[in-house]
S.K.: 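Handing you a structure now.
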Amino acid sequence: MKKWTAFFNILLKDIRAYYLKPPNISWGIIFPLAWTGMFFIRSGQGLDSIRSLLPGVVSISILFGTTSMLAVTVTFEKKNASFDRLLLSPISLELLMLAKTSGAILFGMMNALVPIGMAAFFTQLSGFEWGSILAAILLIAIASTFMGLFIAVSVSEVFEAQTFSNFIRFPMIFLCGLFFPIANLPNFLRPLAYALPLTYGTDILHGAILSENMLPLWLDFIAITVFCVLLFVVSLRNVHRKWIV
Amino acid sequence: MERIIAAEALSKKFNDVQAVDQVTFDLFKGELFGFLGPNGAGKTTTIKMLTGLARPTDGTAWIDGVDISKEPKNAQRLMGVVPDESNLYPELTGFENLVFCASLYGMHREERRIRARDLLDMFDLNAAADRKFETYSKGMKRKLTIAAGIIHNPPLLFLDEPTTGIDVASARQIRTMISDLHNSGTTIFLTTHYIEEAERLCDRIAFIVDGRIIRNAPVSELLQPIKNDHILEISVLSGSEKAESSVAEKFPEYTVETRAGQTMRFRAKTTIAVAPLINHLEASGAEVLDARRIVPSLEDVFVQVTGLEKAEMENSRNGKG
């Protein structure tokens, strides 16, 4: 019970100190709105395009929302030594890192609701498999957050975390089938697409919203879950190796 | 006496630099133990190894019988740590910071609020309780960081340079608090650059230089060889070099050392007669400014044992050891 008291208070502290700050709230709302508007205008297909754009916009909103926050909640706290206070507390490193990432996961899920809310305003959202959509949103948020964690513990400066994030995020947008089918990628780039966790999350969303998934959904769920576990385990190992030297 | 820390041959190497070298010592329950050494001596690295924030290259340490390398979380439950920089959360208020730190140890909501209020009161920070930590002065930040270190009433407290870089009044208040905590039974491991602070507060002191403990003894034992010494310090404007050699011939019972060319320190096992000495110095061409008797202190022991001057210690006060 005591460890869960610590867990929830770390999460609440992060939400209060970081996620509920006006710049982050505006980032969380404006960014998905901008993405949605941009792709909607670019498609030139009117309201009909909303449904086809939704999986990509939802994924991208989660990806950018989560990965950006970890640079602050982890790298910044490590830099100013307040993270040492958490490392010295009597809760396991696994639970501590879960507490530090839970805020970003929730933030990412909230980001996902913005384009869905916008879509609901303009068009009927009938025929959606909501169970799969919610599961995909959760898994994309977890995978993106753990990717942000992996980046945050691999660097020592906040600006490095942000730069490193962009090196991964922007190619990922074009490689993981968000807006262009993987089948349309050049042959040499396709293996890279399958090495990205977002590919599987987006595929679940394509299946749940458009019934156009390229892989069986069960395979997508397994693949993205494996990525989540791997990214978390590697990040924990990096914390042990780099921060408790 | 019961041991609360047992460090055995602790060593830490960063690439080619041996930061801590075979450090072995015990700390007994209820003691206030001082780790005294200059910048870069290995004080902070030792604390990091003892608290589980760094892995020893060699050796190990037990906290109340718990191996810190093997069971860090069980050991960390027993300790409070006040690092050399005030590392609380700038965006939280003083009260919120303390309540948050209490929650890390699983304290219940009401219990942590009461404890936070008590500590704010004890550290004279009540008026600033609802102000953000980032608005605090250095001294207030330091006090709140110490309060956060003892929020869960740990039996063992690590204090890394607690008075470095803060104003005189806050430093004095912090020393009083350290003394009070010690009197209430908390075992304290204190690192400091300040010789007087160590002498005033500690039961036992270890001198650490270049990663090695070169002396570890109770303060009374450290002072024993010099406690009956008589020391006279004479400031001269010029002529100290010439005078020093002639004094050695005329007063062979005195040992003389000249510091920075302007301060001559005479030491003897019997009372030093001031007038004949000054007369002789002036006759030797030295221009005497003033003379004062000095009570032998830990500084003299430190200089003898380490070969370092107090100034070398004090100049390193803003660095990390």
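First the proteins, then the strands, lettered A, B, ... as listed; each starts at 1.
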S.K.: In terms of heavy-atom pairs under 4.5 Å, which option from Leu93(A), Leu87(A), Leu88(A) contacts chain B the most?
M.R.: Leu88(A)
S.K.: Which side chain or backbone donor-acceptor pairs connect chain B with chain A at less than 3.5 Å?
M.R.:
from: Lys12(B); atom 1: NZ; to: Val245(A); atom 2: O; distance (Å): 3.1
from: Arg55(B); atom 1: N; to: Val245(A); atom 2: O; distance (Å): 2.7
from: Arg55(B); atom 1: NH1; to: His240(A); atom 2: O; distance (Å): 3.3
from: Arg55(B); atom 1: NH1; to: Ile244(A); atom 2: O; distance (Å): 3.2
from: Arg55(B); atom 1: NH2; to: His240(A); atom 2: O; distance (Å): 2.7
from: Arg55(B); atom 1: NH2; to: Ile244(A); atom 2: O; distance (Å): 2.9
from: Lys73(B); atom 1: NZ; to: Leu87(A); atom 2: O; distance (Å): 2.7
from: Lys73(B); atom 1: NZ; to: Ser89(A); atom 2: O; distance (Å): 2.9
from: Lys73(B); atom 1: NZ; to: Ile91(A); atom 2: O; distance (Å): 3.3
from: Asn87(B); atom 1: OD1; to: Arg85(A); atom 2: NE; distance (Å): 3.4
from: Asn87(B); atom 1: OD1; to: Arg85(A); atom 2: NH2; distance (Å): 2.6
from: Asn87(B); atom 1: ND2; to: Ala81(A); atom 2: O; distance (Å): 2.9
from: Tyr89(B); atom 1: OH; to: Ser82(A); atom 2: O; distance (Å): 3.4
from: Glu96(B); atom 1: OE2; to: Arg16(A); atom 2: NH1; distance (Å): 3.2
from: Glu96(B); atom 1: OE2; to: Arg16(A); atom 2: NH2; distance (Å): 2.7

S.K.: Taking CE in Met97(A) as the centre, count heavy atoms belonging to other residues, nucleotides or ligands within less than 6.0 Å. Is the count above 12?
M.R.: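 Yes.
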S.K.: Please look at Met107(B) and chain A and tell me whether the side chain, the backbone, both or neither of the residue comes under 4.5 angstrom of a heavy atom of that chain.
M.R.: backbone
S.K.: Select one option (side chain, backbone, both, neither) describing which atoms of Leu53(B) are under 4.5 Å from chain A's heavy atoms.
M.R.: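 For Leu53(B), the contact with chain A is made by backbone and side chain together.
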S.K.: Please say whether more than 12 non-hydrogen atoms of neighbouring residues, nucleotides or ligands are located less than 6.0 Å from CG in Asp26(B).
M.R.: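 More than 12 within 6.0 Å, yes.
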S.K.: Which value, rounded to the nearest 0.5 Å, describes the distance between Leu86(A) atom CG and Leu104(B) atom CG?
M.R.: 6.0 Å
S.K.: Is it the side chain or the backbone of Ile10(A) that comes within 4.5 Å of chain B heavy atoms, both, or neither?
M.R.: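 Both backbone and side chain.
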S.K.: Does a sphere of radius 6.0 Å around CZ in Phe28(B) hold more than 12 heavy atoms from other residues, nucleotides or ligands, not counting ones at 6.0 Å or beyond?
M.R.: yes
